[in-house]
Each structure stands twice: as structure tokens, then as C-alpha cells.
Amino acid sequence: MHRILITGGTGCIGSVTIYKLLQSTEIEKIVVATRSNNTDPLKLWLGEAMDPRLEFVALDVSDYQAIEEVVAKVNPTHIIHLGAYQSPDCSKYHIRGMEINTGGTMALFDAAEKLPNLERFVFASSAAVYGMRSMYAQATIGEEVPLAPPNHYGIWKLAGEHLARLFHDNTKVPTVCLRINTTYGKGRDKGKTSAPTNAMKAVAMGAVSGKLLPFEMPYQGRENYHFVEDVGAHFAACTLQPFTGFGAFNIKGETIPIKDFLQIVDEQANQLGMGAHSSSSIIADAPPNLFICDLDHEKIDSTFTDLPLTPIAWGVRSSLEEFKVMAEKGILEYSINT
């Protein structure tokens, strides 16, 4: 039976990962380390009644002594590290971002090296470790290309990957780094690439309120999209399925132009009777999408099994339906300035 410690477990990806993990009968306990203690994102997936296999512990990943104490007390068989400052915060607060995204990650690996029963470490990395799309001549971008992060967030994530590799070298504990790009869907409330999700929220909120809420995408170009449930399934599978060694993987996704994503939102909103409230566009003179697209996921697909890749149209439709229900309940978080 598995005893899992997950940092950032009440965030968007942490919550859906827990939802997927709990579907396994091999889980004895999941210890959710969270700074906020806000379980509302988890309730989006689990309902009001928390699964008895969940245990919560307050933890700020910039408190290195607390990390060591929590890890030793929990003595997990598996660790999933999702706790991090997101991209806008790292750009605004460089030192704080380094303390959390690099220092906290280093402290967690240091503590994990002392564990006697650790079987797997999964680190949430990012497609921000790559350079700008113009760097690469390839039609699709695999994990072996040169890396040149375009912002502080990407630099800290790349540092985390190197720490993960060093951890594996020192311990031989199987270690996985998962590079995430634009996640969309239920629970995606923060970060620069939450914009596609906010475009859908505007439709649902408008349909329920009876008001048209136009949404403007703050960047243009092409984007690599992951449906939120797929991301959770990837983290759960890469935690529990057989694996040896060290590996960094692009998670499965689909790249399309941003304008095509917005068109899919319009089409699905029309089919669901919300078309009159779908009004999304790209701001004039929008800067290009900062993060890379056209990511190749052959490596992860050949290493792990049964990893989902939800068609964007289905993911958008599902998200619009979920957001409409949430808006009707008054629990949909949306700001026109998001």
C-alpha cells in the first residue's frame, strides 16, 4: 500500500491529481501539504465529504526546517512535488520565487534522501524550461533539445529538474519530471496561462447572469493545451505505474492557434445554448505567447500506459458545462480583469 506526500495539493493540478490517485485501491494515505489550507479546489472534484484516506498538514515550502520535519514524520513511499510560485509571481518577486521554487525543492529533495522506504519522486516541471519557439527548426519539440527558459519561472523549474537528476544519482529512487504547458478546465484559476480557461468562464458567467462578458486574450500565436483531467491522470500514472531511472517528459497535449481555441469555445457554447454569451477575442497588438508549443509526447507515451489525450472540443464542452453549474451555485471564481 502507498503512502503519498503531495505538496501544493490544494492547487488546481494537485486537486485533480488527488482525485485520480484516490481511484486506486493501492492508496493507503495521501498527506496533503498546503500553505493555504483552502480545500475548496479539492471539493470541486471530491465533493463536500473528504475521503478518509486524506490527511492535511500546513506547510510553507520556503520553510526548510518544516519540510524536513514533515517529510520525516510522514515517511512517504511516494512524493509528488507541485508546490510553487506561478509564473507572474516569479517575475514580480524574483527572490521569493527562488526561495520557494528552487530552495523549497532543494530542501524537499534533501529531506527525501533520508527516507528509508521512498519508491518514487514526481516533480512538476514546466514547458517554460524550453526556449522561445523560434529557437527550434523542428516541427515538434522533444525533450532532448537545448533548453533556454524565457523567464524566472522557467529558470527555477529547470533548476528543479537538475536537482531531481542529482537526487536520483544519489539515491537511485525512480524520479520523474513532468513538463506542463497550458492547462485548461475546472479549477484553473491562476497564472498567465489561465486565460483560455477564463475565456470559458466568461461565457458561463454571462449565460447565468444574462450579461455579455467580452473576454480578450492577452497574448497571441499558438498554444499547447492540456485538459485538466488529463494532467491529473498523468501525475497519478507516473506516480503509480512501474518506472526505473530518471526521466523528464512532456505531458500529452495538442497545439493549435489561439484563435482556433476561441472558435472552438464559440462552437461549443452555441451547441450548449450559450452562444449569445460567447464573445472572446485577442487584444490588439497582443504580444506573442511566451511559452513554447508543438511539444512532442512520444517519450511519455512509450514509457507509461493508458495516458489520456482528450480532444480539445470535448474538453471545452465539458468545462463550459461545469462552469455553468458552478456559476448557478455562485462558486465560479471569475474577474473581468483576470
Side-chain angles (χ1 to χ4, degrees), residues 13 16-17 20-21 24 78 80-82 120-150 153-154 157-165 167-169 173-185 188 193 196 221-258 260-261 264 289-316:
I13 294 172
V16 69
T17 296
K20 294 294 183 180
L21 285 169
S24 170
H78 299 67
I80 304 173
H81 182 35
L82 288 155
R120 182 74 49 86
F121 196 115
V122 178
F123 171 65
S125 187
S126 169
V129 300
Y130 294 104
M132 300 294 288
R133 182 65 179 89
S134 57
M135 276 184 58
Y136 309 105
Q138 301 96 316
T140 58
I141 311 302
E143 292 86 348
E144 77 287 347
V145 300
L147 304 176
Y153 177 77
K157 285 299 184 182
L158 181 53
E161 288 194 7
H162 285 300
L163 290 168
R165 176 188 50 79
F167 167 78
H168 173 262
D169 289 345
V173 172
T175 304
V176 176
C177 301
L178 295 180
R179 294 174 178 170
I180 313 166
N181 214 324
T182 297
T183 299
Y184 71 92
R188 182 73 166 102
T193 55
R222 291 161 58 80
E223 194 159 31
N224 182 244
Y225 297 97
H226 316 296
F227 182 49
V228 64
E229 283 203 51
D230 291 354
V231 179
H234 277 64
F235 272 89
C238 294
T239 301
L240 300 178
Q241 288 187 18
F243 177 76
T244 58
F246 167 81
F249 301 90
N250 297 330
I251 68 170
K252 294 171 71 172
E254 183 179 354
T255 293
I256 61 173
I258 291 168
D260 289 359
F261 183 91
I264 291 171
N289 177 20
L290 182 64
F291 300 115
I292 198 164
C293 57
D294 303 306
L295 294 182
D296 188 291
H297 51 248
E298 180 180 351
K299 181 180 177 183
I300 197 169
D301 220 13
S302 62
T303 305
F304 300 94
T305 61
D306 300 322
L307 298 176
L309 178 56
T310 299
I312 291 176
W314 194 97
V316 166

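Each residue takes its place number in the sequence, starting with 1.
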Inset, instruction - Taking all non-hydrogen atoms of both residues into account, name the closest pair between Glu223 and Ile258 and its distance. - result: OE1-CG1, 3.8 Å

Legend entry - Minimum heavy-atom distance between Phe246 and Glu161, given as atom pair plus value: CZ-O, 3.8 Å

Inset, instruction - Verify, without hydrogens or angle tests, whether Asn250 (side chain) and His297 (backbone) share a donor-acceptor contact under 3.5 angstrom. - result: no

Legend entry - Side chain His226, main chain Lys252, donor-acceptor under 3.5 Å: yes

Inset, instruction - Write down the atom of Met132, the atom of Leu290, and the distance for their closest heavy-atom approach. - result: SD-O, 3.3 Å

Legend entry - For Asp169, all residues meeting salt bridge (Lys or Arg N to Asp or Glu O under 4.0 Å), sequence neighbours excluded: Arg165

Inset, instruction - Would you mind reporting whether Glu298 and Thr140 have side-chain heavy atoms less than 4.5 Å apart? - result: no

Inset, instruction - Evaluate side chain to side chain contact (heavy atoms under 4.5 Å, CB included) for Glu229 paired with Lys20, printing each intermediate quantity in order. - result: CA-CA 8 Å; Glu229 283 203 51; Lys20 294 294 183 180; 3.1 Å; yes

Inset, instruction - Report yes if the side chains of Asp260 and Arg222 come closer than 4.5 Å at any heavy-atom pair, otherwise no. - result: no

Legend entry - Separation of Asp294 CG from Ile256 CD1 (nearest 0.5 Å): 11.5 Å

Inset, instruction - State, with a plain yes or no, whether a side-chain heavy atom of Thr239 is found less than 4.5 Å away from one of Thr17. - result: no

Legend entry - Any side-chain heavy-atom pair of Phe291 and Thr182 under 4.5 Å: no

Inset, instruction - Please say which of Leu178, Val228, Thr183 ends up in a side-chain contact (heavy atoms from CB on, under 4.5 Å) with Ile13. - result: Thr183

Inset, instruction - Determine whether Val16 and Phe227 make a side-chain contact, defined as any pair of heavy atoms from C-beta on separated by less than 4.5 Å. - result: no

Inset, instruction - Could you pull out the closest heavy-atom pair between Leu82 and Ala124, with the gap in Å? - result: CD2-CB, 3.4 Å

Inset, instruction - Verify the ring-centre separation between Phe304 and Phe249: is it less than 6.0 angstrom? - result: yes

Inset, instruction - Classify the angle between the aromatic ring planes of Phe261 and Tyr225 as parallel (below 30°), tilted (30 to 60°) or perpendicular (above 60°). - result: parallel

Inset, instruction - Could you check if a side-chain atom of Lys299 sits within less than 4.5 angstrom of a side-chain atom of Glu144, using non-hydrogen atoms only? - result: no

Inset, instruction - Rounded to the nearest 0.5 Å, what's the gap from CG on Asp230 to NE2 on His234? Could you check? - result: 6.5 Å

Legend entry - Arg120 side chain to Cys238 backbone, donor-acceptor under 3.5 Å: yes

Legend entry - side chain to side chain contact (heavy atoms under 4.5 Å, CB included) between Leu309 and Asp301, worked out: CA-CA 10 Å; Leu309 178 56; Asp301 220 13; over 6 Å; no

Legend entry - Contacts of type salt bridge (Lys or Arg N to Asp or Glu O under 4.0 Å), residue Glu254, not counting sequence neighbours: none

Inset, instruction - Assess whether atom CD of Gln241 is packed by more than 12 heavy atoms of other residues, nucleotides or ligands within 6.0 Å. - result: yes

Legend entry - Flag side-chain contact, heavy atom, 4.5 Å: Tyr184 against Val316: yes

Inset, instruction - List the atom of Pro150, the atom of Ala128, and the distance in Å for their closest heavy-atom pair. - result: CD-O, 3.2 Å

Inset, instruction - Measure across Cys293 and Thr255 and return the closest heavy-atom pair with its distance rounded to 0.1 Å. - result: CB-CG2, 3.5 Å

Inset, instruction - Keeping the roles fixed (side chain from Asn181, backbone from Ala127), state whether a donor-acceptor pair exists under 3.5 Å. - result: no

Inset, instruction - Any chance you could measure Ser126, atom OG, to Leu158, atom CG, to the nearest 0.5 Å? - result: 10.5 Å

Inset, instruction - Would you please name every residue forming a side chain to side chain contact (heavy atoms under 4.5 Å, CB included) with Gln138, sequence neighbours left out? - result: Tyr136, Ile141, Val145

Legend entry - Whether His78 side chain and Leu240 backbone form a donor-acceptor pair below 3.5 Å: no

Legend entry - Side-chain heavy-atom pair Glu143, Tyr130 within 4.5 angstrom cut-off: yes

